[in-house]
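Side-chain atoms are counted along with the backbone in the values below, which use heavy atoms only and exclude waters and symmetry mates. For reference, positions follow the sequence shown, starting with 1.
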Amino acid sequence: MDFVRLYGNIIKKNLAKGKIDKARKQIITGFKLENFRVNHLAKDPVPKAYTYLSSQTLKSTIDSLAHPEKCVWTNIFSPVEILQNFGFNCISVEAISSMISGFKIADAFIDIAESYGIASTLCSYHKNFYGIVLSGIARPAAFATTTSMVCDANINTFHTLAKDFNVPHYIVDVPEDDNEANIKYVVMQLKEMISMLENLTGKKFDMNALCETLKRENLSHKYFKEFMEMQAYKNYPNSLTLHMYTLFASHLQIGEESILKYYEMLKDEIKICPDIKGKKIFWVHLLPYYQETLKSYFNFGDDYYIQAFDMNFDYIEELDTEHPLEALAKKMINNVYNRSYQRKADLVVDLVKKLGSDGVIHFCHWGCKQSSGGNALLKERLAKLDIPVLTIDGDGIDRRNSHDGQIKTRLEAFFEVLKLQDNNNNSSEAAK
């Protein structure tokens, strides 16, 4: 019996009856039960670092629903380090959408959004978030902030919801070129946002505390790089969902003491892991964590192993702790997703080389124009390295747009290409 779907249907019934408080309590209770399962009942070989991160992620999601007055709606590129300074819990549109969709109820919220006039062509993460807020499950946050980069839906989503629900918000306009004038422009905006937050909270911004946050972020990146060096050959057990959770660490909570602890656990724990025996896969873009065929092959598997995915590497350079606001401005301007898709292709090629990946899977989430638009360029770059690429078109959150049969057929064909490539390499070595 599918207990998750059964529980989700109960939540849907309360939504339909207008029992919003009851539905919210059921969602929060579900997250608390999952947190208990993760810590005490999980049967999969989940490493301690991932168990710890999963718990942190669930707690953050629970807090965003239970205590909206302490929550800020963000995107993953927002300067969360500043928001942490004021004691806020940062949760992104995509994060809360993904987490709540785990109850298999995203269709209900997407339908709510479309019934209010939200375009059916909008990204399903955003439609789901609209529905979650419009239904009253997620009550208005204390503040909202996003950036102008990458996703063209962000500004409209944040502006519309902030206006309709009277949420103070700030949109950071991020230029493309890294020069002194643009850095000053972004710093000016960060100072304006800080002033808004000071007026909103009655708290004085602590620049020294921000410096300490950036120091922890730098150390976290150092540990992450050490971990990734060993990911080239070590099998650190993972799943699609656990990879998704890493975005909480690398973006929404980066710089916090708890996340520094997570990264330290990562780099220590992987040292005792066995070597990878199967094919090494590098993942690009979002993770359809619910898709059955992908789960069967990649969740804690040995034959096919996902080493990493690109979104955790968008900016992991050292931050200047002596000039923290300028450092955050440079972090946004020089984010690999800012400017041309060529920069993302360069990043993927570099990481595939360093990790010795056997193949790349590029998931083109329906409604995300930048991933679909850059797919041909990425395949062209990787073809020059003789790296096989599988492009999967699908929906990262709406199960109604998932075609398991097609994905299974294409995935198994891709695995055959990897085997053929392996045979060809062995034949070449034998000929020498």
Charged N to carboxylate O below 4.0 Å: is that the case for [X] and [Y]?
| X | Y | answer |
| --- | --- | --- |
| Arg216 | Glu256 | no |
| Asp310 | Lys344 | yes |
| Glu226 | Lys222 | yes |
| Lys354 | Asp350 | yes |
| Lys330 | Asp320 | no |
| Asp346 | Arg381 | yes |
| Lys215 | Glu212 | yes |

Residue pair Leu242 / Val46, side-chain heavy-atom distance below 4.5 Å: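 Side-chain contact under 4.5 Å: yes.
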Asp173: salt bridge (Lys or Arg N to Asp or Glu O under 4.0 Å) partners, not counting sequence neighbours: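 Salt bridge (Lys or Arg N to Asp or Glu O under 4.0 Å) check on Asp173 returns nothing, list empty.
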All salt bridge (Lys or Arg N to Asp or Glu O under 4.0 Å) counterparts of Lys295, not counting sequence neighbours: Glu292
Heavy atoms from other residues, nucleotides or ligands near CD1 of Ile272 exceed 12 (cutoff 6.0 Å): no
Mutual orientation of the aromatic rings belonging to His362 and Tyr341 [parallel < 30°, tilted 30-60°, perpendicular > 60°]: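 Correct class here is tilted.
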Selection residues 76-87 - residue pairs positive for side chain to side chain donor-acceptor pair (under 3.5 Å), sequence neighbours left out: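 Listed by first then second residue: Asn75-Ser78, Glu81-Lys331.
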Pairs involving residues 239-269, ordered by first then second residue, that meet ring-ring contact (aromatic ring centres under 6.0 Å, His included) (sequence neighbours left out): Phe224-Tyr263
Contact list for residues 144-167, test ring-ring contact (aromatic ring centres under 6.0 Å, His included), sequence neighbours left out: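 Listed once each, the pairs are His159-His169.
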Contacts of type side chain to side chain contact (heavy atoms under 4.5 Å, CB included), residue Glu269, not counting sequence neighbours: Pro47, Lys48, Ala49, Tyr236
